Amino acid sequence: MDIYKINDVNELIEGNSYVGRGIIIGKTPDAKKACFAYFIMGRSANSRNRIFSEKNGEVFTEPFDASKVEDPSLIIYAAIRSLDNKVIVTNGDQTDTIFNGLKDGKSFTEALKSREFEPDAPNLTPRISGIAYLGDNDFDYEMSILKSADAEGTKCNRYTFNYPSIAGLGHFIHTYVCDGNPIPTFQGEPERVATLNDIDEFTNKLWNALDENNKISLYVRYIDLETKTVENRLINKNK
């Protein structure tokens with residue numbers, strides 16, 4: 001087994017009907033940009049009734065049809081927020097937990113100690129989070145997963161991964177392995193995936209690899225490490 005293999009993201013998700021929500025953070029092959037991606041999928045009508053919206057550089061999940069919302073507690077949240085030189089991306093309202101914790105002087109890991117997996121038994125969906133620390137022409141990043149220690153949800157396991165940025169390499173973490181009942185949660189370290197220099201090529205590659213029936217929305221952001229110029233792409237299945 002090649003532990004340093006960099007996977008094509010298509011190889012990891014194409015043909016897999018349900019990997020849930022996913023985060024990718026990495027550096028473009030030309031080493032000029034930080035790359036972020038966040039996508040959501042859904043099986044239920046409530047989960048599928050969503051879109052991404054962007055307001056003042058922050059990304060939110062919102063109802064597509066507000067009249068059909070059944071339970072907003074786990075599906076409506078800020079997915080991406082920035083604070084100073086830090087970019088936060090998560091699959092739930094722990095985005096705000098991290099944001100407020102950083103403002104109070106806590107670290108990424110310390111802020112997440114107050115949270116655990118989602119209370120959606122029997123799935124007990126993990127909370128996945130990422131943060132990038134942008135510096136002068138470079139950055140490093142962390143990823144976290146909070147997941148149940150057992151089938152009953154009695155305890156929470158907490159894993160944090162720290163990465164230097166390497167040209168052409170991203171790390172990919174997602175909530176589920178595949179579809180099921182209950183749905184099996186992500187296992188192991190975030191997966192190594194190849195990034196691309198072109199944001200449109202990367203966006204289309206990722207969107208096209210996601211299952212047609214269950215994909216909902218995708219957001220991709222590239223940040224120029226020298227100028228801090230931001231490029232964004234947003235795709236909503238619901239239009």
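On a predicted model such as this, the values are computed, not experimentally measured, just so you know. Worth knowing before you read on, the calculation uses all heavy atoms, side chains too, and leaves out hydrogens, waters and symmetry mates.
Here Asp93 pairs with Arg127 in a salt bridge; the nearest charged N to carboxylate O distance falls below 4.0 Å. Between Glu116 and Lys147 no salt bridge is recorded (no basic side-chain N to carboxylate O distance below 4.0 Å). Salt-bridge annotation for Arg233 and Glu201: absent, with no side-chain N of the basic residue lying under 4.0 Å from a carboxylate O of the acidic one.
A donor-acceptor pair shorter than 3.5 Å can be found between the side chains of Arg48 and Asn214.
Cluster annotation: Phe52 and Phe99 are assigned to distinct hydrophobic clusters (Ile/Leu/Val/Met/Phe/Trp/Tyr, side-chain heavy-atom contacts under 4.5 Å, transitive). Taken together through direct or relayed side-chain contacts under 4.5 Å among Ile, Leu, Val, Met, Phe, Trp and Tyr, Phe161 and Ile131 form parts of separate hydrophobic clusters.
In this structure, Lys155 places its NZ atom where only 12 or fewer heavy-atom neighbours from other residues, nucleotides or ligands lie under 6.0 Å away. When the shell of 6.0 Å around CG of Asp150 is examined, it contains more than 12 heavy atoms from other residues, nucleotides or ligands. Sparse packing is recorded around CG of Asn56, with 12 or fewer heavy atoms of other residues, nucleotides or ligands lying under 6.0 Å away.
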Atom pairs and distances, side-chain donor-acceptor, residues 104-111, under 3.5 Å, sequence neighbours left out:
unit_1	atom_1	unit_2	atom_2	d
Ser107	OG	Glu110	N	3.1
Ser107	OG	Glu110	OE1	3.4
Glu110	OE1	Ser107	N	2.8

Hey, can you pull the donor-acceptor pairs under 3.5 Å for the side chains in residues 78-88, sequence neighbours left out?
unit_1	atom_1	unit_2	atom_2	d
Arg81	NE	Glu58	OE2	2.9
Arg81	NH1	Asp96	OD1	2.9
Asn85	ND2	Leu134	O	2.8

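The other residues sharing a hydrophobic cluster with Leu169 are Ile6, Ile166, where clustering joins ILVMFWY side chains under 4.5 Å apart. Other members of the hydrophobic cluster containing Tyr176, listed by chain and number, are Val9, Leu12, Ile13, Tyr18, Val19, Ile24, Phe39, Met41, Phe172, Ile183, Val193, Leu196, Ile199, Phe202, Leu206, Trp207, Leu210, Leu218, Val220, Tyr222, Ile235; membership follows side-chain contacts under 4.5 Å among ILVMFWY residues, whether direct or relayed.
In this structure, Ile216 CD1 and Phe64 CZ are separated by 12.0 Å, a value rounded to the nearest 0.5 Å. Distance check, rounded to the nearest 0.5 Å: CD of Glu118 to CG of Leu146 gives 10.0 Å. Here CG of Asp2 is found 8.0 Å from CZ of Arg192. Values are rounded to the nearest 0.5 Å. Rounding to the nearest 0.5 angstrom, the gap separating the CD1 atom in Ile98 from the OG atom in Ser144 is 7.0 Å.
At least one side-chain heavy atom of Lys33 sits less than 4.5 Å from a side-chain heavy atom of Glu231. Counting heavy atoms from C-beta outward, Val89 and Arg221 have side chains that stay 4.5 Å or more apart.
A donor-acceptor pair under 3.5 Å is formed between the side chain of Asp224 and the backbone N or O of Thr227. The backbone N or O of Asp30 sits less than 3.5 Å from a side-chain atom of Asn197, completing a donor-acceptor pair. Counting only distance, with no hydrogens or angles, the side chain of Glu191 and the backbone of Glu189 share no donor-acceptor pair below 3.5 Å. A donor-acceptor pair is defined here as one N or O able to donate and one able to accept, closer than 3.5 Å; such a pair exists between the side chain of Asp120 and the backbone of Thr125. Formation of a donor-acceptor pair under 3.5 Å by the Asn49 side chain with backbone atoms of Pro63 is not found in this model.
Aromatic pair Tyr219/Phe36: ring centres not closer than 6.0 Å.
Listed by first and then second residue, the ring-ring contact (aromatic ring centres under 6.0 Å, His included) pairs involving residues 133-158 are Phe139-Tyr141, Tyr141-Tyr163, Tyr141-His171 (not counting sequence neighbours).
Under the side-chain contact (heavy atoms from CB on, under 4.5 Å) criterion, Lys113 pairs with no residue, sequence neighbours left out.
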